[in-house]
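Structure first, commentary second.
Quick note: numbers below take in every heavy atom, side chains included, and nothing from hydrogens, waters or symmetry partners. Below, read A as the first sequence line, B as the second, and so on, with proteins coming before strands; counting in each chain starts at 1.
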Amino acid sequence: MLTRLFAYVKGLVRRNAIDAEVSEELRFHVEMETQANVERGMTPTEARRAALRELGGVTQTREAVRGVRLVFLDSFHQDLRFAVRSLRRSPAFALVAIVTLALVIGGSTAIFSALYGLVFRRLPYPDPGRLVMLWDYNLKSGEEHLPMMESAFPIFEREARSFEAMAPYTPPPPPRPGCTRSRSGARRSASRKRVALTNSSRCSVSLRSLAGRSFPPTPFGEARASPF
Amino acid sequence: MPKTDLLQGTLDLLILKILALGPNHGWGISNRIRQFSREGLCASQGSLYPALHRLEMRGHIRSEMAPSENNRRARVYTLTEAGRQQLEAETQSWEQFALSMRRVLRTT
């Protein structure tokens with residue numbers, strides 16, 4: 001179907017050029033045949049006449065080739081016109097078809113955009129596969145994915161041997177309910193700036209801040225990282 | 001289109017087969033058909049070129065103008081992937097057809 005479409009477009013655009021090329025193609029054929037006939041022992045005149053006779057008339061053949069191309073162009077043209085006519089005859093069906101296409105294309109675009117952000121795009125850090133997040137859990141209640149206690153971090157940092165570097169962060173407070181859209185948007189961008197991340201000297205080698213400024217390493221308990 | 005289905009069918013098959021051996025121009029194709037059939041088959045030139053262009057419109061072959069042996073530009077035809085599949089399918093159905101014909105004709 002697709003190859004036919006390409007051939008159709010090519011045939012439509014290059015109609016005149018192809019006519020000229022067919023003439024050249026047939027002239028080439030007559031020359032080659034003449035040459036071959038001479039090699040078989042004919043005189044040049046004889047050879048040329050035989051070659052032309054075998055071709056069955058250059059003009060006739062050229063017309064036949066043009067006919068073949070026109071039949072194809074016409075049949076494709078008819079298919080197109082038939083499709084348009086059928087759609088116009090049943091506008092409800094046409095509408096459903098168009099809306100379906102629009103929804104499906106829109107939907108898959110949306111899904112791909114989401115997947116692209118979540119799955120395909122690499123995190124802006126070197127070797128993102130080695131980034132992990134540490135959580136706490138409650139032995140008694142069995143609750144998982146609890147935030148860690150601030151006071152526990154220095155112990156983890158001192159004792160853990162599996163990590164190249166560690167850094168704690170404080171998530172931004174959730175936006176207040178009831179905010180108007182523009183205000184909550186402004187709020188969110190303001191609160192994003194307040195993600196506090198203490199720095200560890202080794203972290204600073206591999207992580208760079210995407211926005212805002214980074215700060216010199218400070219022991220976690222001593223001085224709270226100032227909001228930036 | 002004139003109704004010469006069988007003849008057109010066989011000529012198309014012959015062209016696809018010759019082009020499966022390598023790109024060639026019209027004259028080369030007709031020459032090869034003559035050679036390989038040991039002069040038993042001769043593609044009438046008046047039907048060869050329409051057949052070539054028909055195959056191109058169907059997407060089974062593609063063509064480009066290329067310089068040839070005697071310093072002239074020739075239209076050189078190349079088999080496409082669709083053409084290769086078509087060749088396989090047509091070869092099979094032709095062999096089935098020939099076998100069936102032979103079976104009928106040899107019945108005594």
Requested in this report: Using non-hydrogen atoms and a 4.5 Å limit, figure out which bit of A:Glu33 sits close to chain B: side chain, backbone, both or neither.
Outcome: both
Query raised in the report: If you take all heavy atoms of B:His53 and A:Val68, which pair is closest and at what distance?
Result: C-CG1, 4.1 Å
Report summary line: Value for NE2 (A:His29) from OG (B:Ser30), rounded to nearest 0.5 Å, stands at 4.5 Å
Query - Note: A:Arg69-B:Glu56 ion pair, threshold 4.0 Å (strictly below) - result: yes
Query raised in the report: Hey, is CZ on A:Arg62 packed in by over 12 heavy atoms from elsewhere, all under 6.0 Å?
Result: yes
Query raised in the report: With a cut-off of 6.0 Å (strictly less than), are more than 12 heavy atoms of other residues, nucleotides or ligands near CZ of B:Arg106?
Result: no
Query - Shortest non-hydrogen contact from B:Tyr49 toward A:Thr61 - result: CB-CG2, 4.0 Å
Query raised in the report: Hey, is CZ on A:Phe93 packed in by over 12 heavy atoms from elsewhere, all under 6.0 Å?
Result: no
